[in-house]
S.K.: 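After the structure tokens below, expect a handful of questions from me.
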Amino acid sequence: MAEAASLKVSVWRGGEDGGFARYDVPARANQTVLDVVTHIQRELDPSLAYRFACRVGMCGSCAMTVNGRARWTCRTHVRKVVDADGALELRPLANLPVIRDLAADLAPFFDKWQRAKGSFQPKDAPDGAVPEDFAVVPPGSKARREADAGIECIGCAVCYASCDVVAWNPDYLGPAAMNRAWTLVNDVRDGARGERLEAVAGDAGCHSCHSTQSCTERCPKNLDPSSAIAGLKRTLFWDTLLGRR
């Protein structure tokens, strides 16, 4: 099937009540979606607002909704997401307020990290100070493996934008916040385990997850927030059954 010579790009413009603007962008070999957005901003419409930084899949700040799916635009090749007609639709990330155009406001996303007690609290330094000695954590231990499984999350919010439960319940903490909570629950150096489990045990926490696994399917770093949430559910169950909470 022949590829289109130009791309028909529909880009969200304005705020929550905005609409789509249409741009024709030349199709090029090895072109990413971020390349397309950059071309529009530099060559066609300098007023277009969007967010990016590293361009190499390290920061996650370029995440947008591409043809209905949240993705890192710097790592998404155009040829993988357009058909022969070259149609491309770009929106800001779902489940978040829109600042302008393709830039979403991530404040609610990071506020939920705080609500889930997503900050490391050293056991022997309750005031947050750095302990004098490094803790030795055996790399082969079960808890270490559980913590390692989710520690590479960079907070890009792709999982949050893909979560059906967040769309239904704006108070839901979301997969990234609970993945972070699970990582810290399994960190033997952390001293806020009980407080953290209480934070994710309410109606907006892990028990509201329907296990549709959109977060796991769409995580650009191949993490598994669904398993992290399941781990929180199991831990809360056993802690309740055994009278530890």
Side-chain angles (χ1 to χ4, degrees), residues 11-18 20 32-34 36-38 40-41 47-76 89-120 150-184 196 199-200 202 204-206 208-209 212-226 228-229:
V11 179
W12 186 263
R13 301 304 308 269
E16 302 281 357
D17 299 323
F20 286 103
T32 67
V33 174
L34 183 57
V36 171
V37 177
T38 301
I40 294 171
Q41 195 271 336
S47 69
L48 177 64
Y50 66 109
R51 184 184 289 117
F52 77 98
C54 73
R55 286 186 171 271
V56 292
M58 295 292 291
C59 70
S61 61
C62 68
M64 303 172 198
T65 304
V66 181
N67 284 357
R69 178 169 175 157
R71 299 175 181 270
W72 289 352
T73 55
C74 71
R75 299 299 293 269
T76 301
E89 182 185 278
L90 304 177
R91 292 174 175 264
L93 289 175
N95 299 334
L96 290 162
V98 179
I99 298 174
R100 197 183 93 220
D101 303 340
L102 298 173
D105 183 359
L106 269 67
F109 171 76
F110 288 113
D111 286 346
K112 290 178 180 180
W113 276 52
Q114 290 186 314
R115 283 171 48 196
K117 308 298 181 184
S119 300
F120 176 68
I151 205 168
E152 296 297 329
C153 174
I154 60 174
C156 68
V158 164
C159 64
Y160 187 88
S162 304
C163 179
D164 294 327
V165 181
V166 174
W168 303 328
N169 178 11
D171 290 331
Y172 180 59
L173 291 173
M178 286 189 284
N179 178 77
R180 176 62 176 166
W182 178 241
T183 298
L184 292 172
R196 188 169 294 109
V200 301
C206 60
S208 292
C209 175
T212 59
Q213 299 197 26
S214 296
C215 55
T216 296
E217 176 189 349
R218 299 183 183 180
C219 175
K221 293 186 71 68
N222 297 315
L223 304 183
D224 191 358
S226 293
I229 296 169

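Positions are given from 1, in the same order as the sequence printed here. Since this is a predicted model, take the numbers as computed values, not measurements.
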S.K.: Just grab all the salt bridge (Lys or Arg N to Asp or Glu O under 4.0 Å) pairs involving residues 50-61, residues at least two apart or on different chains.
M.R.: Asp35-Arg55
S.K.: State, to 0.1 Å, how close Val200 and Ala181 come at their nearest heavy-atom pair, and which atoms those are.
M.R.: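 It is CG1-CB, 3.9 Å.
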S.K.: Check side chain to side chain donor-acceptor pair (under 3.5 Å) between Arg13 and all other residues, then give those that pass, not counting sequence neighbours.
M.R.: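 Checked Arg13 against side chain to side chain donor-acceptor pair (under 3.5 Å); matches are Tyr23, Asp45, Ser47, Asp101.
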S.K.: Identify the heavy atoms of Phe20 and Leu90 that sit nearest to each other, and give their distance.
M.R.: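 In terms of heavy atoms, the two residues are closest at CE2-O, 3.8 Å.
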S.K.: Under 3.5 Å, sequence neighbours excluded: what are the donor-acceptor pairs made by side chains of residues 213-222?
M.R.:
| unit_1 | atom_1 | unit_2 | atom_2 | d |
| --- | --- | --- | --- | --- |
| Thr216 | OG1 | Asp224 | OD1 | 2.6 |
| Thr216 | OG1 | Ser226 | N | 3.2 |
| Thr216 | OG1 | Ser226 | OG | 3.1 |

S.K.: Among residues at least two apart in sequence or on other chains, which ones pass side chain to side chain donor-acceptor pair (under 3.5 Å) with Asn95?
M.R.: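 Scan of Asn95 (side chain to side chain donor-acceptor pair (under 3.5 Å), adjacent residues dropped) gives none.
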S.K.: Starting at CD of Gln114, measure out to CZ of Arg180 and round the result to the nearest 0.5 Å.
M.R.: 12.5 Å
S.K.: Can you tell me how far apart OG (Ser61) and CG (Leu34) are? Round to the nearest 0.5 Å.
M.R.: 8.5 Å
S.K.: Identify, with sequence neighbours excluded, every residue that meets side chain to side chain donor-acceptor pair (under 3.5 Å) alongside Trp182.
M.R.: Glu146
S.K.: Report all side-chain donor-acceptor pairs from residues 150-172 shorter than 3.5 Å, counting only partners two or more places apart or in another chain.
M.R.:
| unit_1 | atom_1 | unit_2 | atom_2 | d |
| --- | --- | --- | --- | --- |
| Tyr160 | OH | Lys112 | NZ | 2.7 |
| Ser162 | OG | Val158 | O | 2.8 |
| Asn169 | OD1 | Asp171 | N | 3.1 |

S.K.: Could you pull out all donor-acceptor pairs under 3.5 Å where a side-chain atom in residues 102-110 meets a protein atom, sequence neighbours excluded?
M.R.:
| unit_1 | atom_1 | unit_2 | atom_2 | d |
| --- | --- | --- | --- | --- |
| Asp105 | OD1 | Ala107 | N | 3.0 |

S.K.: Identify, with sequence neighbours excluded, every residue that meets salt bridge (charged side-chain N to carboxylate O under 4.0 Å, His left out) alongside Arg115.
M.R.: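 None.
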S.K.: Show me the donor-acceptor pairs, under 3.5 Å and distance only, between side chains in residues 63-73 and residues at least two apart or in other chains.
M.R.:
| unit_1 | atom_1 | unit_2 | atom_2 | d |
| --- | --- | --- | --- | --- |
| Thr65 | OG1 | Pro92 | O | 2.9 |
| Asn67 | OD1 | Glu89 | N | 2.7 |
| Asn67 | ND2 | Val81 | O | 2.6 |
| Thr73 | OG1 | Cys62 | O | 2.9 |

S.K.: Taking all atoms of both residues into account, what is the closest heavy-atom pair of Leu173 and Ala116, and its distance?
M.R.: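 Smallest interatomic distance, heavy atoms only, reads CD1-CB, 4.2 Å.
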S.K.: Hey, are the side chains of Met178 and Pro225 touching, using non-hydrogen atoms and a 4.5 Å cut-off?
M.R.: no
S.K.: Do the non-hydrogen side-chain atoms of Ile229 and Cys206 ever get within less than 4.5 Å of each other?
M.R.: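 With C-beta onward as the side chain, the pair touches.
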S.K.: Does Arg100 have any side chain to side chain donor-acceptor pair (under 3.5 Å) partners at least two apart in sequence or in another chain, and if so, which?
M.R.: none
